[in-house]
Asker: 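For reference, the structure I am asking about is given below.
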4 protein chains.
Amino acid sequence: MSQRQEARDLAEERIFEAAVKIFSQFGYESSSVRMIAKEAGVSPGLLYNYFKNKEELLVRVFEEGLKDVQATFRDLPDDGQVKTYLLHNFRIMQEKKQLWRLIYLIRMQQSTLAILGERINRVQKQVLDRLEARLRSSLGDKARAEAVLLNASLEGVVFHYLFDNSFEFELAQQALLTRYS
Amino acid sequence: MSQRQEARDLAEERIFEAAVKIFSQFGYESSSVRMIAKEAGVSPGLLYNYFKNKEELLVRVFEEGLKDVQATFRDLPDDGQVKTYLLHNFRIMQEKKQLWRLIYLIRMQQSTLAILGERINRVQKQVLDRLEARLRSSLGDKARAEAVLLNASLEGVVFHYLFDNSFEFELAQQALLTRYS
Amino acid sequence: MSQRQEARDLAEERIFEAAVKIFSQFGYESSSVRMIAKEAGVSPGLLYNYFKNKEELLVRVFEEGLKDVQATFRDLPDDGQVKTYLLHNFRIMQEKKQLWRLIYLIRMQQSTLAILGERINRVQKQVLDRLEARLRSSLGDKARAEAVLLNASLEGVVFHYLFDNSFEFELAQQALLTRYS
Amino acid sequence: MSQRQEARDLAEERIFEAAVKIFSQFGYESSSVRMIAKEAGVSPGLLYNYFKNKEELLVRVFEEGLKDVQATFRDLPDDGQVKTYLLHNFRIMQEKKQLWRLIYLIRMQQSTLAILGERINRVQKQVLDRLEARLRSSLGDKARAEAVLLNASLEGVVFHYLFDNSFEFELAQQALLTRYS
DNA sequence: GATGAATGAGTATTCATTCAT
DNA sequence: AATGAATGAATACTCATTCAT
C-alpha cells in the first residue's frame, strides 16, 4: 500500500516536473499533453489518473510552484531589510527560473489568468504589503508608493532576466542594490 | 474602381483591427484565424486575400503598431530629459494599450519570438542607448547601469499597468517621476 | 457586334490555351481555376462567362482538342498504309504534346473518365476499326487481333514519350516502323 | 500486449488496404484522407498513428506493392524466354490490378512523380535491361531497340487492360505471345 | 496503476464559385 | 464583357481526452 503510494507519487512527481519544464518553455496553449507525457516518460493516458485535465495540471503546477517559492522565502534568513528581500528574489529567480517563467506566462495569458487570476491577486497584495512594511520605517507615508514602484521595478528586472537574453542583469542588479544599501 | 479600393481598404482595416484585438487578448497561438475573421465580421477565407497567412498578419500588426508608436514619439515635444521620456511612455502606454499588450505577449512566447525576436532586440537596444544618453550628463559612467535599471523599472510599471488590474498605477507613476525631477 | 464577338472569342481562346497547358501539366484536380485564369491573363470570374464550371471547361478542352487532332489527321496525306498511320501519330504526338498528355490523364482519372468515358470509347472504337481496315489486306482474319495489339503498342510508345523522360524514343520508333515497312 | 499488437496490425492493415483501393481508384491528389479513413472504417485521426502523413502512406503503399510484385516474379519459374516474361506480366497484372493502376497513376502525375519518380526510374531501367538480355541471343545488336519497343508495347497492353473496359485483351495477348513463340 | 489505440472536434489554409460593380 | 472581393465547404493534420486492456 505504501509502496503503491510511493509509485503513485513518483509518477505524479515526474509528470509535475515535466509540466513545469514544458509549460515554461512553450506556454500553456503550445504545450501538448503528449509532449509532457513524453518528457515525463509515461503514457499520455496516465496524466488523467492524476489530473482531471490539462487545465487542472496547470493549476496544480502553479499552486505547488508558488508554495515552493514561498517556503524557500520563509527558510531564508531575513533581517527585514529591503536589500535582503531583493537578494532573496534574485536568488530564487535564478534557482527556479523555469517556475518563474511559467508564473509570468500565466499572468499574461487571458485563458490562464481567468483560472488563476484571483489567486495571483491575493499573492500580489501580500507581497506588496510586506514590502511596504519594510519601507515604512525609513520612508513613512511615502512607503506605499515606493513599495508599488519597487515591486514593479523588481518585476521588470525579473522579466528581463527571464525573457530577454541580451539583458545586462549584473548592471541592473548592482544599481538596484546600491539604491537600497 | 474607387469603390473596389474602398471595399478592400475597409475589409483589410477591419481584419487588421480584429487581429490587434484578438492577438492582444489571447496571444498569437491561442488566437485562431476563425476568431479574427468572426471579430472582423468576414469569412475566414477572406483573410488570405489580404495576408499571406496568420504569421504575416502578426508581423504586419506588429510592424504597423511599432511604426505608429515611433511616430507618436517623434511628434511629442522632447527636451531630452528623462522625466519627459517617462511621461511620453505613460501616455503612449495608455493610448496603445492593446498594442503594448501584444508586444509583451510576443516577447514572452517562444514561437512568436522566433518570428519577431530580431526586430524586438534591435528596438530594445535603441531604446536603451537613447535612455543612457539622457542619463549621461547627470550620472556619468553610472549612466549605463542606471539606464538598464530604469528601462526595466519602466517596463515593470507598464507590465503591471497592462496585466494587473489591481495595480496602483498613480502611486507608481508619481514615485518614478519624483525620482527624476 | 462582330468586334464584340471577336473580343469574346479572344478571351475564350486564351482561357482555352491556358486550360490545356495547366491541365496537361498538373492534371485536372491539381489545376486550380485561378492558375488557369492567371495563365490566360484574365480574372478568375471571367471563366464563368464562357464555361459553366471547371468540369465543363475540361470537357470542352477535351472535345476541341480531339477535333483538332482528328482534323490534323484528315489533312495529312494518307496512302492507307500502316506505316503512314504510325508516322502521322508520331508527328501529332510531338506537335500536340500538351494535348496528348491531357487526353491520357483524362483516360486514367476516374473523375474525368466518368464525364468523358463514353466519348473516349467511341473514338477508340473508330481508331481501332480503321487500323483493322489497313491491316485487313495483308493479314486477313488476324487483322483484328493485330490491330488491337498495334494500337496498344503505339499507345505504349506514346505513353512513354509523354511521361517517361528517360525513354529512348528513337529506338522504339525505328523498331516499330521497320516492322511495318 | 499481444491483443494490442493485433489491434495495431489490424488497423494498419485496414488503412493500408483502403489506401490502395482509394489511391488506385482516384489517384493521389483526388484521394482525401477522410475517404481513406472512411473506407477503412476508422477515424481520420487514426491514420496518423500509423503513417506520418498522406505522402508517407502513398510511399508505403507503393513500396510494399513493388516488393510484392518483385517477390512474385522471383517465385515464378523462369526459363529466360521472352514469352515466359510476358506471361508472368499478364498474370501479375491481373492479380494486382489495383496496384498496377496506382503505379500508372503515379507515373503520370507530376506531384507524385516528384515523390517516387527516382524509384520508378530505377525499376524501369532494371526491367528494360533484363528484357534486353532475354532478347540478346536471338536479336543481337537490335536487342536494345526491340526491348524498348517490347516494353512499351507490353505497357500499352497493360494500360488498356487497366483503364479501357472495352479492350479486347485476349486478342492482344494472343497476338503478342504468338510473335515471341 | 499504466498503456496506447482510437476518436472527433479543432487548426490553418485552399479553392470553386458567386455577384455587385 | 470583365473584375476581383467575398464566401463557405473542403483539405491535411493535431490534439485533448477516453477507455478497453
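Atoms considered below: every heavy atom in the structure, side chains included; atoms not considered: hydrogens, waters and symmetry mates. Quick note on labels: first sequence line is chain A, next is B, and so on, each numbered from 1.
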Asker: Using atom CZ of B/Arg8 as one end and atom C1' of F/dT3 as the other, report the distance to the nearest whole Å.
Answerer: 12 Å
Asker: Roughly how many Å is it from CZ in B/Arg14 to C1' in F/dA6, rounded to a whole number?
Answerer: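 Rounded to whole Å, this separation is 12 Å.
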Asker: Quick one: side chain to side chain contact (heavy atoms under 4.5 Å, CB included) partners of A/Lys38, sequence neighbours excluded?
Answerer: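 Not a single residue meets the side chain to side chain contact (heavy atoms under 4.5 Å, CB included) criterion with A/Lys38.
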Asker: Say whether, by atom type as modelled, one donor and one acceptor occur between the side chain of C/Arg101 and the main chain of C/Phe163 under 3.5 angstrom.
Answerer: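 Answer holds: no.
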Asker: Is B/Arg8 salt-bridged to B/Glu12, cutoff N-O under 4.0 Å?
Answerer: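 Salt bridge flag = no for B/Glu12 with B/Arg8.
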Asker: Between D/Arg4 and E/dG4, does any side-chain N or O lie under 4.0 Å from OP1 or OP2?
Answerer: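 No.
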Asker: Please give, in whole Å, the distance from E/dT7 P to D/Lys38 NZ?
Answerer: 14 Å
Asker: Hey, is A/Glu64 close enough to A/Lys67 for a salt bridge, meaning N to O under 4.0 Å?
Answerer: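 The answer is yes: the pair qualifies as a salt bridge.
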Asker: Which letters describe nucleotides 13-19 of chain E, given B = protein heavy atom under 4.0 Å from base, S = only from sugar-phosphate, - = neither?
Answerer: BB-SBB-
Asker: Would you call D/Gln109 and D/Leu105 a side-chain contact if the rule is heavy atoms closer than 4.5 Å?
Answerer: no
Asker: List DNA chain F stems (3 or more consecutive Watson-Crick/G-U pairs, under 3.5 Å)?
Answerer: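 Detected stem regions: E:2-21 with F:2-21.
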Asker: What integer distance in Å separates B/Glu12:CD from F/dG4:P?
Answerer: 16 Å
Asker: Check the phosphate of E/dT3 against A/Ser43, side-chain N and O only, distance under 4.0 Å to OP1 or OP2. Yes or no?
Answerer: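 So the side-chain polar atoms of A/Ser43 do come within 4.0 Å of the phosphate oxygens OP1 or OP2 of E/dT3, strictly under.
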Asker: Looking for any heavy atom pair under 4.0 Å, which part of the strands does B/Phe51 touch: base, sugar-phosphate only, or nothing?
Answerer: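 It contacts nothing in the nucleic acid.
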Asker: Pick the nucleotide of DNA chain E nearest each of A/Leu47 and D/Val42; which residue has the one closer to the 5' end?
Answerer: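 Between the two, 5'-proximity favours A/Leu47.
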Asker: Among residues at least two apart in sequence or on other chains, which ones pass ring-ring contact (aromatic ring centres under 6.0 Å, His included) with A/Phe16?
Answerer: none
Asker: So which pairs with a foot in residues 42-61 of chain B pass ring pair (Phe, Tyr, Trp, His ring centres under 6.0 Å), sequence neighbours left out?
Answerer: none
Asker: If you look at every heavy atom in D/Leu113 and D/Ile106, which pair is closest and at what distance?
Answerer: CG-O, 3.6 Å
Asker: D/Asp9 has an atom CG; how far is it from atom P of E/dA6, in whole Å?
Answerer: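 Result: 10 Å.
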Asker: Using whole Å, report how far CG of D/Leu10 lies from P of F/dT21.
Answerer: 14 Å
Asker: Please list all pairs meeting side-chain hydrogen bond (donor to acceptor under 3.5 Å, both in side chains) that have one or both residues in residues 24-33 of chain A, counting only residues at least two apart or in different chains.
Answerer: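 Residue pairs with at least one partner in residues 24-33 of chain A: A/Glu29-A/Ser111, A/Glu29-B/Ser30.
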